[in-house]
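See below for the structure under consideration.
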Amino acid sequence: MQIPEAFCTRMQSLLGSEAPAFFAALQQPPFHALRRNPLKYTQSQLEAGLPFPLRAAPFSPLSFYVPDEFQAGRCPLHHAGVFYMQEPSAAAAVTVLDPQPGERVLDLCAAPGGKSTQIAGALSGQGLLWSNEVVRSRVPALLSNLERWGTRNAVISSCRPEILCQALEGFFDRVLVDAPCSGEGMFRRSEQAVSDWSPAHVSACAVRQNAILDSAAQALRPGGVLVYSTCTFSQEENEGVIESFLKTHPAFSLEPCGLSAGHPALDGLARRIYPMDGGEGHFVARMRREGEAERLPAAPAPAPSAAAQAMLASLYRETLAGTPAQIGEKLYLLPPDLPSLHGLGVVRAGLLLGEEKPARGGRKKGDSRFVPAHAAFMAVKPDMLQACLSLSAEDPRVLAFLHGEELEAPETLHGFCGISVEGAVLGFGKCSGGRFKNHYPKGLRML
Ligand code: SAM
């Protein structure tokens with residue numbers, strides 16, 4: 001790795017006597033870590049399910065270092081959304097945000113969704129997660145990661161921050177800005193990050209970060225919490241952005257971020273994490289908007305749809321919170337606390353249950369049938385499903401399913417049916433006559 005000289009000079013003056021340890025760490029391989037999904041697995045289930053011991057990372061109680069050779073894509077538990085692969089210090093931002101069940105939380109720069117999945121875990125299905133990603137081509141990965149995680153109560157949008165935050169002024173209890181940055185904390189993982197780096201790029205990032213924070217402030221209610229994070233070390237993009245934000249937003253003040261890992265910044269209120277702290281590199285600061293406010297009301301819920309209600313009953317043994325709704329051909333379970341979604345680039349609201357399709361030949365014109373969605377299965381545990389083919393990790397049908405093959409199944413299973421491995425749902429299929437026809441989405445299949 002050819003590190004730019006100007007970057008070295010900056011780090012030398014930033015770190016002083018700690019610079020040699022930093023430069024030595026830059027020559028080491030990057031950390032690998034996972035974060036457990038509390039919606040799906042307990043700590044002891046995860047320990048029992050993985051072939052290596054878990055070593056805790058200091059940035060979140062759910063993060064653990066994994067061996068370099070671990071290939072998550074080959075692990076069925078990863079396909080089941082039991083964990084998310086995430087550079088360990090990246091978990092610090094949501095630890096500092098500290099979302100609570102029932103709150104409204106905005107993740108303004110969300111793709112590919114590492115921090116959104118962590119927020120969804122903390123909300124535990126209660127309240128609202130709004131995950132926004134302005135770059136449209138990055139939204140499918142965000143959607144797929146939130147589906148695999150089993151998120152029921154999220155809105156996913158692709159909207160410019162200034163438009164979104166103006167429309168949702170004062171709506172959120174917590175807002176996370178995990179800002180696009182010069183990515184100095186990615187140097188060990190990405191040659192591209194190294195070659196893209198320049199002092200001009202750092203300055204351009206700082207200008208953009210200030211603009212995003214301006215918007216974010218608008219979406220936050222008085223008394224709410226705003227967290228700013230980057231994966232870069234530059235003072236211009238970190239302390240510089242916060243200081244300039246605080247100058248122009250007197251209603252905001254820094255508060256202790258409650259994280260002991262890493263190095264102190266901004267009078268000890270914020271944190272900087274370097275490779276010698278056990279993570280690739282992050283900066284996190286937490287601010288509060290002064291005042292108190294009544295919660296802004298949610299928009300009136302749409303009329304519940306009978307078709308969505310029927311689909312819910314056909315899939316699940318228990319009632320899930322929310323409004324069953326039909327929008328076009330698609331059936332959803334909408335979270336209880338939604339604002340108006342109009343004009344905000346929303347690509348998903350709540351849980352996609354399934355889709356109405358024309359009936360296959362031979363029936364009357366206008367007849368339709370409902371086909372469930374992959375997301376509908378991923379959002380629950382196997383025992384909540386009306387029907388599930390429950391497999392152990394050793395069963396060869398687990399890998400066969402992930403490869404997209406048709407499986408053998410008990411004759412007693414009939415119709416749409418989940419499939420699970422060691423207590424976590426992998427997807428679904430359609431059973432008939434002792435066969436399980438595979439519905440694992442093609443783009444997710446193991447090659
Ligand atoms: N929070 C994500 C996660 O944990 O997976 C990572 C977010 S990444 C650091 C920053 C994101 O900001 C990128 O997905 C990028 O596309 C997006 N972005 C780029 N320009 C932006 C802008 N002007 N406003 C808001 N977001 C922007």
Side-chain angles (χ1 to χ4, degrees), residues 34-47 49 59-64 77-78 80-84 86 90-107 110 113-132 142-156 171-176 178 221 224-225 227 258 286 295 298 301 312 315-324 332-339 348-353 375-385 418 420 423-425:
L34 59 75
R35 187 168 34 71
R36 173 170 70 84
N37 184 349
L39 304 173
K40 297 198 182 221
Y41 248 36
T42 63
Q43 182 66 21
S44 48
Q45 279 179 301
L46 187 61
E47 279 165 9
F59 311 106
S60 147
L62 298 170
S63 291
F64 301 90
L77 292 181
H78 182 257
V82 159
F83 58 84
Y84 187 94
Q86 185 185 46
V94 177
T95 302
V96 169
L97 185 70
D98 195 23
Q100 300 296 315
E103 290 183 333
R104 299 166 175 173
V105 183
L106 170 62
D107 184 1
K115 293 175 181 84
S116 274
T117 58
Q118 195 177 352
I119 295 167
L123 291 180
S124 203
Q126 298 158 54
L128 180 70
L129 163 63
W130 189 302
S131 297
N132 181 67
L142 174 63
L143 188 55
S144 171
N145 283 327
L146 282 168
E147 278 195 356
R148 194 174 66 244
W149 196 251
T151 314
R152 292 181 206 161
N153 54 332
V155 170
I156 300 170
F171 188 77
F172 292 97
D173 300 303
R174 297 182 199 247
V175 176
L176 173 64
D178 185 35
R221 69 162 170 85
V225 168
V227 166
R286 173 178 155 125
R295 274 197 142 195
L312 273 171
L315 289 171
Y316 307 132
R317 289 167 194 248
E318 289 173 34
T319 309
L320 306 187
T323 308
Y332 295 90
L333 184 65
L334 299 179
D337 202 19
L338 285 179
R348 173 70 56 86
L351 178 60
L352 177 63
L353 296 170
F377 288 84
M378 298 308 287
V380 292
K381 292 188 174 165
D383 58 1
M384 283 194 55
L385 290 171
S420 69
V425 176

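Remember, it's a predicted structure, so these values are computed and weren't measured experimentally. Heavy atoms only: backbone and side chains are in, while hydrogens, waters and symmetry mates are out.
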Would Leu129 and Leu146 count as a side-chain contact (heavy atoms from CB on, under 4.5 Å) here? Give the steps. CA-CA 11 Å; Leu129 163 63; Leu146 282 168; 4.2 Å; yes
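- Of all the heavy atoms in Arg348 and Ala375, the pair that sits closest is NH1-CB, 4.2 Å.
- Using a 4.0 Å cut-off between charged side-chain N and carboxylate O, Arg317 and Asp383 make no salt bridge.
- With sequence neighbours excluded, no residue forms a side-chain contact (heavy atoms from CB on, under 4.5 Å) with Pro336.
- Residues Phe377 and Leu315 meet the side-chain proximity criterion, which asks for heavy atoms closer than 4.5 Å.
- For Asn153 (side chain) and Pro335 (main-chain N/O), no donor-acceptor pair under 3.5 Å exists by modelled atom type.
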For Gln118 and Gln86, what are the C-alpha separation, side-chain angles and deciding distance, and is it a side-chain contact (heavy atoms from CB on, under 4.5 Å)? CA-CA 10 Å; Gln118 195 177 352; Gln86 185 185 46; 4.0 Å; yes
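- With sequence neighbours excluded, no residue forms a ring-ring contact (aromatic ring centres under 6.0 Å, His included) with Phe64.
- Not one N or O on the side chain of Asp173 forms a donor-acceptor pair closer than 3.5 Å with the backbone of Gly224.
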Show your reasoning for whether side-chain contact (heavy atoms from CB on, under 4.5 Å) applies to Leu333 and Tyr316. CA-CA 12 Å; Leu333 184 65; Tyr316 307 132; 5.8 Å; no
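- The distance from the CD1 atom of Ile119 to the CG atom of Leu128 is 11.0 Å, given to the nearest 0.5 Å.
- Side chain of Arg286 to backbone of Val225: no donor-acceptor contact under 3.5 angstrom is found.
- Taking both residues in full, the closest heavy atoms of Ala424 and Val82 are given as CB-CG2, 3.6 Å, listed atom of the first, atom of the second, then distance.
- A 4.5 Å side-chain heavy-atom check between Leu34 and Leu46 finds at least one atom pair inside the cut-off.
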What side-chain donor-acceptor pairs closer than 3.5 Å can you find for residues 92-99, not counting sequence neighbours?
residue: Thr95; atom: OG1; partner: Phe59; partner atom: O; Å: 2.6
residue: Thr95; atom: OG1; partner: Ala91; partner atom: O; Å: 3.0
residue: Asp98; atom: OD1; partner: Gln100; partner atom: NE2; Å: 3.1
residue: Asp98; atom: OD2; partner: Gln100; partner atom: NE2; Å: 3.4

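- Note that CG of Leu312 is 8.0 Å distant from CG of Leu351, once rounded to the nearest 0.5 Å.
- Within the 4.5 Å cutoff, the side chain of Tyr332 has heavy atoms near those of the Leu352 side chain.
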Please assess Thr117 against Arg35 for the test side-chain contact (heavy atoms from CB on, under 4.5 Å), listing each intermediate value before the final yes or no. CA-CA 10 Å; Thr117 58; Arg35 187 168 34 71; 3.0 Å; yes
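- Note that CG of Leu123 and CD of Glu103 are 7.5 Å apart. Values are rounded to the nearest 0.5 Å.
- At distances below 3.5 Å, not a single donor-acceptor pair connects side-chain atoms of Asp337 with backbone N or O atoms of Gly127.
- Minimum interatomic distance between Gly418 and Leu385 (heavy atoms only, all atoms of both residues): CA-CD1, 4.0 Å.
- Geometric assessment of Arg104 against the ring of Phe171 yields a positive cation-pi assignment under the 6.0 Å and 45° thresholds.
- Minimum interatomic distance between Asn145 and Arg148 (heavy atoms only, all atoms of both residues): OD1-NH2, 3.1 Å.
- A salt bridge links Lys115 with Asp178: the distance from a Lys NZ or Arg NE/NH1/NH2 to an Asp or Glu carboxylate oxygen falls below 4.0 Å.
- Taking the six-membered ring for Trp and thresholds of 30 and 60 degrees, Tyr84 and Trp149 have ring planes more than 60 degrees apart, a perpendicular arrangement.
- Here Gln126 contributes atom CD and Arg152 contributes atom CZ; the two are 10.0 Å apart, rounded to the nearest 0.5 Å.
- With values rounded to the nearest 0.5 angstrom, Leu39 atom CG is found 7.0 Å from Thr151 atom OG1.
- Of the inter-residue distances, the one linking Glu147 atom CD with Leu142 atom CG reads 10.5 Å to the nearest 0.5 angstrom.
- Contact of the Lys40 side chain with the Met378 side chain is registered, since non-hydrogen atoms from C-beta on lie closer than 4.5 Å.
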